[in-house]
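Letters A, B, ... mirror the listed sequences (proteins, then strands); counts begin at 1.
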Amino acid sequence: MNKQFLYLDFETYYDSKQSYTLRKQSILEYVRSSQYKTLGLGYALDDGKVDWVSQKYVHAFLTAIDWSRTVLVCQNTKFDGFILHEIYKKIPAQYIDTLAMSRAVLGKTIKSHSLATLAEHFGLEAKGFLNTDGKWDLTIDEEKALADYCRHDVELCRTIYLRLAEDFPESQYPLLDQTIRMFVEPKLKLNVPMLQNASVEEAKRRADIFKEIGIDKSEFSSNVKFPILLQKYGYEVPMKESPRKMQEDGITPVMIPALALGDVDFLEMLEGQDEKLKMLCEARVAAKSTLLETRSAKMAKIGSMGLWSFDVEFSGADQTHRFSGGSGAGGNPQNFTRNSALRTAVEAPDNYELVVGDFSNIEMRLVAYLSKDPGLIEAIETGKDIYCDFASVFYGRTITKENKDERRFGKTAILGLGYGMGWNKFIRTVRTQTGQTLTEEDSRKAVDIYRTRYAQVPLLWYRLDGLIKILFGEVNPAIMPWNFPVGFAKQMILLPSGLPIRFPNLRQEQGEGKYVEWVYDIYKKGKLEKSKLYGGKMLENICQGLAGELCKTAMLAMGQDVVGQCHDELLVLCRRGLGHMTAAKLKRAMSVSPSWLPEIKLDAEVKVGSNWGIK
DNA sequence: GCTTGACGCGCC
DNA sequence: AAAAGGCGCGTCAAGC
């Protein structure tokens, strides 16, 4: 059967005065709203002429298409594909998205992945500008203007697709299709009463805190007012360097209050002996922590409108091509509060079961087998608990799973210290993740134990450090010192799939000390920012990129049954009664060693139930 | 009234 | 010599 490519762009009604826009609500709400209206569409088939279809012919036009052999290509296909599925009940054979392809191919070398920016990047005629805000019915002239505007967008989409396709690995198309399909063809349902209840309860919990203390919430939520409040009660405000803001010299960071959960001084205030101070700090956290309340309210609203889409962005994560959380279905599912209604309310539909698989410490395993560290590998292969192993050495006595606090510390060390973290940051990490307070001496000891006990890992950092000059293009990339599952090319690392981790404008610069550093420039939120590159960070990028590839391989193996993906987790749907069989299949899919690192031992924890929050 | 920058939170 | 990293979203404050 011969495929045909359909480049498509829906033009739809919006009204900013009524807040009926995609900025104000998710794609799901926008398209399911009673205000939704298709104004028309622009399209092109293969290399044919770009044409406009008026609103009253849209249905007939879409019905005449043989969807079983049609590949749909749009800029942000989640939007057009969702309209197509939800309003017109059409399902193409394959989804392609130029927005996602751009993220995969161009990454952070470009300030955004909008059609306008992409047109500029590829030297195409600029995207047009048209305002149809609030126009429900169009005059003939208005429709003509819209048609012209839309046709140009379709033309841009087609050209941009063809350009991006030159560098988009063939292997990624099925995964791109699956990612879009998870959104466009939703299968999960939301437990609306549960979400409403969660939101109401959380709102009450927070309100009670401010009522009891007798001070308005705004005094706590304001970064200006809260430190003043503390001072008024006679407390000293801890300070820290701002991570972003610099003084006028451009080098010295501005000092700001250290009153967040990531600040050790604040945690000590929060958990200390001074009851008044504790109360004030608890109220501060309550004021700043809005996610559970706002998100469950939003999800309740979405759940009442129909099935829920799992929204992730293809190649959304900085550098590594992992998925990031999408915002088209009520907010990023990657940061749904653990053990909360947000996860428990995500349910399999009637007569279905949900199977959730989670790769077991995937990044640690990658660090182990990439560095070939015998200690880590032995622990993995004998099933020894590596966290207890580390903790036993640190504490100088045998630590078992029964010693919860000690094991937790071991876990933080094993997961945290693999990418070169120093003792200073490790104190903060341990404090925020385990609540334990480390002395400088103990922190230094932990870092030292990690680097000597698993000595091949630091050795790998140093080797990767040396390889940076290959990325700079000084050394022939064909000369590789040892077998390694990623490629090194000019200003990029190539993952096995062919997707690049890019380090644009890689160069050496004078660091703060007397040493020279490798730095590169990437866009963050539309602004070019300089980042450092060093061995530990390269290993982190590589491990996260490879973990992403393993996850994608498992997704492919499970096919259309995959309904969600969250970090190292896969959500798979199956008919009631097939849960255990599906679980076994999923566990196998998540345990297969990849051809690019055949010696690695993988494992996954798989659960079967009716919702995402199983046990 | 809107956008933008900065910060903090929750997830890994 | 040593250096852990990232995403999306809500809120506040400042700028227009």
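Remark on DNA chain C: of its neighbouring residues S531(A) and W423(A), the 5'-side contact belongs to W423(A), judged by nearest-heavy-atom nucleotide. Between K240(A) and C566(A), the residue anchored nearer the 5' end of DNA chain B, judged by the nucleotide with its closest heavy atom, is K240(A).
Distance, R428(A) CZ to dG5(C) P: 10 Å, rounded to whole Å. Nucleotide dC11(B) holds its C1' atom 16 Å from the CG atom of D311(A), rounded to whole Å. Here dC7(B) presents its C1' atom at 14 Å from CE of M239(A), a figure rounded to the nearest Å. Rounding to whole angstrom units, CZ of residue R284(A) and P of dC7(B) are separated by 12 Å. Atom CE in M538(A) sits about 19 Å away from atom P in dA2(C), given to the nearest Å. The distance from atom NZ of K532(A) to atom P of dA3(C) is 11 Å, rounded to the nearest whole Å. What separates CG of L533(A) from C1' of dA4(C) is a distance of 13 Å, to the nearest Å. We find that CE of M421(A) is positioned 22 Å from P of dA1(C), with the value rounded to whole Å.
The shortest heavy-atom contact between P333(A) and G325(A) is CD-CA, 4.2 Å.
Side-chain atoms of T117(A) do not come within 3.5 Å of backbone N or O of H113(A) as any donor-acceptor pair. The main-chain N or O of F394(A) is found under 3.5 Å from a side-chain atom of K445(A) such that the two form a donor-acceptor pair.
Contact annotation: K108(A) reaches the phosphate of dC7(C) (side-chain N/O to OP1 or OP2, under 4.0 Å).
With distances taken from any side-chain atom of K537(A) to the nucleotides dG6(C), dT3(B), dG8(B), the minimum falls on dG6(C). Nearest nucleotide to the H567(A) side chain, out of dG5(C), dC12(B), dG8(C): dC12(B). Taking the side chain of R451(A) as heavy atoms from C-beta on, and the options dT3(B), dA3(C), dC7(C), the nearest nucleotide is dA3(C). In this structure, of dC11(B), dA2(C), dC7(B), it is dC7(B) that holds the atom nearest to the side chain of I256(A). Closest approach to the E313(A) side chain among dG8(C), dG8(B), dT3(B) is made by dG8(C) (side chain taken as heavy atoms from C-beta onward). Comparing dC7(B), dC7(C), dG5(C) by their nearest atom to the side chain of E540(A) picks out dG5(C).
Here Y419(A) does not count as stacked on dA4(C), because the ring centres are not under 5.5 angstrom apart with planes under 30°.
Inspection of the N339(A) and R343(A) side chains reveals no N or O donor paired with an N or O acceptor under 3.5 Å. Between the side chains of Q172(A) and K552(A), at least one donor N or O sits under 3.5 Å from an acceptor N or O. When only modelled atom types and interatomic distance are considered, E363(A) and Y419(A) share a side-chain donor-acceptor pair under 3.5 Å.
Using bins of under 30°, 30° to 60° and over 60° for the plane-to-plane angle, the ring pair F226(A)/F266(A) lands in the perpendicular bin.
Across all strands, N541(A) comes closer than 4.0 Å to no nucleic acid atom at all (heavy-atom distances). Across all strands, V367(A) comes closer than 4.0 Å to no nucleic acid atom at all (heavy-atom distances).
Checked by distance alone, N424(A) brings no side-chain donor or acceptor within 3.5 Å of a matching partner on the base of dA3(C).
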For nucleotides 9-16 of chain C, read 5' to 3', which letter fits each nucleotide if B means a protein heavy atom sits under 4.0 Å from the base, S means only the sugar-phosphate is that close, and - means neither? SSSSS---
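Taking the side chain to side chain contact (heavy atoms under 4.5 Å, CB included) definition, one finds that T439(A) meets it with E441(A), D442(A), sequence neighbours left out.
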